[in-house]
Amino acid sequence: MTDPTNTSPITSAVKDEPHVTPDWTIERQLIDGVALREVRNIVTGNGVTTEVHREDWGIAGHVEQIIHVALRGGAISAWHMHDRKTDHLFTVTGHLRAVLYDDREGSPTRGGLDVLHLALERPTLLVIPPGVWHGIQNLDGTPSTFVNYFDEQYAYDNPDDW
């Protein structure tokens with residue numbers, strides 16, 4: 001069926017749906033349990049301060065372990081998921097693409113896919129609940145880094161990594 005509002009000279013072109021409000025709030029429907037919290041950089045007299053986590057944001061629980069990850073230019077952290085622990089990703093440098101897939105039985109968003117772009121220019125905390133498959137790709141040619149903190153420590157004898 002032809003879209004009467006499509007004024008493109010290319011009849012097979014598909015017009016983008018609105019995804020940003022006039023006040024630059026990004027509108028998106030996320031996989032159930034996934035949360036995003038945009039934060040603001042605070043410019044000070046001697047640099048820039050960025051909050052990474054606050055309990056009163058209400059999107060992340062307690063923290064048991066924090067890691068810092070550096071992905072080489074173009075590198076991919078392939079599909080994986082955790083059965084018990086929650087990921088909390090915050091980009092420190094570079095430009096990352098996070099792709100999430102919901103294959104959880106009983107989830108209202110089962111089969112859902114989220115593609116998110118994360119960079120320090122728009123600081124965002126991404127919370128990925130247990131059972132959601134995810135992969136991270138560095139879109140820069142140089143290393144990109146992020147902090148990931150967990151509500152459960154890495155178990156060396158029985159990793160919760162699938």
Side-chain angles (χ1 to χ4, degrees), residues 17-21 24-42 47-162:
E17 294 295 324
H19 64 281
V20 178
T21 65
W24 284 85
T25 301
I26 297 174
E27 295 180 332
R28 65 181 70 180
Q29 183 68 33
L30 295 169
I31 289 172
D32 185 53
V34 172
L36 291 174
R37 168 69 185 224
E38 286 191 22
V39 298
R40 294 185 176 155
N41 289 320
I42 302 163
V48 177
T49 300
T50 307
E51 290 183 315
V52 175
H53 172 270
R54 290 180 54 97
E55 186 177 342
D56 62 359
W57 289 348
I59 67 168
H62 71 281
V63 176
E64 287 195 13
Q65 182 181 17
I66 301 172
I67 62 173
H68 178 265
V69 178
L71 285 180
R72 291 184 181 92
I76 296 174
S77 171
W79 286 111
H80 61 283
M81 71 94 173
H82 310 290
D83 190 45
R84 298 179 309 275
K85 66 183 177 182
T86 302
D87 280 284
H88 304 79
L89 278 75
F90 192 91
T91 303
V92 177
T93 61
H95 181 182
L96 300 171
R97 177 183 357 206
V99 181
L100 289 66
Y101 177 73
D102 186 0
D103 191 35
R104 298 171 294 171
E105 279 191 42
S107 171
T109 55
R110 186 170 191 188
L113 182 73
D114 287 332
V115 178
L116 307 165
H117 289 266
L118 307 170
L120 193 58
E121 288 81 3
R122 192 158 186 162
T124 304
L125 173 62
L126 168 61
V127 180
I128 306 170
V132 173
W133 290 91
H134 52 285
I136 309 294
Q137 180 181 17
N138 178 359
L139 297 178
D140 280 349
T142 58
S144 289
T145 62
F146 62 93
V147 171
N148 193 357
Y149 54 97
F150 306 97
D151 54 359
E152 181 179 299
Q153 293 182 53
Y154 181 83
Y156 295 102
D157 59 341
N158 185 21
D160 183 26
D161 294 311
W162 301 86

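We use all heavy atoms of the structure for the numbers below, so side chains are in, but hydrogens, waters and symmetry mates are not.
- In plain terms, the two heavy atoms of I31 and G112 that are nearest each other are CD1-O, 3.4 Å.
- Taking each heavy atom of A119 and T91 in turn, the nearest pair found is CA-CG2, 4.0 Å.
- D114 places no side-chain N or O within donor-acceptor distance of the main-chain N or O of L30, the cut-off being under 3.5 Å.
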Quick one, H53 with V147, criterion side-chain contact (heavy atoms from CB on, under 4.5 Å). Give me CA distance, side-chain angles, the key distance, then yes/no. CA-CA 11 Å; H53 172 270; V147 171; over 6 Å; no
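- Test T86, L100, D87 against V132 for side chain to side chain contact (heavy atoms under 4.5 Å, CB included) and you get one pass: L100.
- A 4.5 Å side-chain heavy-atom check between L71 and P143 finds every atom pair outside the cut-off.
- With rounding to the nearest 0.5 angstrom, the CZ atom of R110 is 4.5 Å from the CG atom of D103.
- To the nearest 0.5 Å, the span separating OG1 on T124 from CZ on F90 amounts to 7.0 Å.
- Minimum heavy-atom separation, L125 to V52: CD2-O, 3.8 Å.
- Rounded to the nearest 0.5 Å, atoms CZ (R97) and CD1 (I136) are 11.0 Å apart.
- Rounded to the nearest 0.5 angstrom, M81 CE and W133 CH2 are separated by 5.0 Å.
- One distance of note links CG of D140 with CG of L96; it measures 8.0 Å at 0.5 Å rounding.
- Distance alone, capped at 3.5 Å, is enough to place a donor-acceptor pair between the T145 side chain and the T93 backbone.
- Taking each heavy atom of Y154 and P159 in turn, the nearest pair found is OH-CG, 3.3 Å.
- With hydrogens and angles ignored, the 3.5 Å screen pairs a side-chain donor or acceptor of N148 with a backbone N or O of H88.
- Considering all non-hydrogen atoms of both residues, T50 and V48 come closest at OG1-CG1, 4.1 Å.
- Between the H68 side chain and the F146 main chain, no donor and acceptor come within less than 3.5 Å of each other.
- A pairwise comparison of heavy atoms in R104 and P130 identifies CD-O, 3.5 Å as the closest pair.
- Under a 3.5 Å cut-off, the side chain of T109 and the backbone N or O of D32 do form a donor-acceptor pair.
- Side-chain N or O atoms of D160 include one that pairs as donor or acceptor with a backbone N or O of K85 at under 3.5 Å.
- Atom CZ of R122 has more than 12 neighbouring heavy atoms from other residues, nucleotides or ligands inside a 6.0 Å radius.
- Judged by distance alone, with hydrogens and angles left aside, the side-chain atoms of E51 form no donor-acceptor pair with the main-chain N or O of V39 at under 3.5 Å.
- Residue pairs satisfying the salt bridge (Lys or Arg N to Asp or Glu O under 4.0 Å) criterion with at least one member in residues 142-155, sequence neighbours excluded, are listed as follows: R84-E152.
- Interatomic distance, NE2 of H82 versus NE2 of H134, reported as 4.0 Å (0.5 Å rounding).
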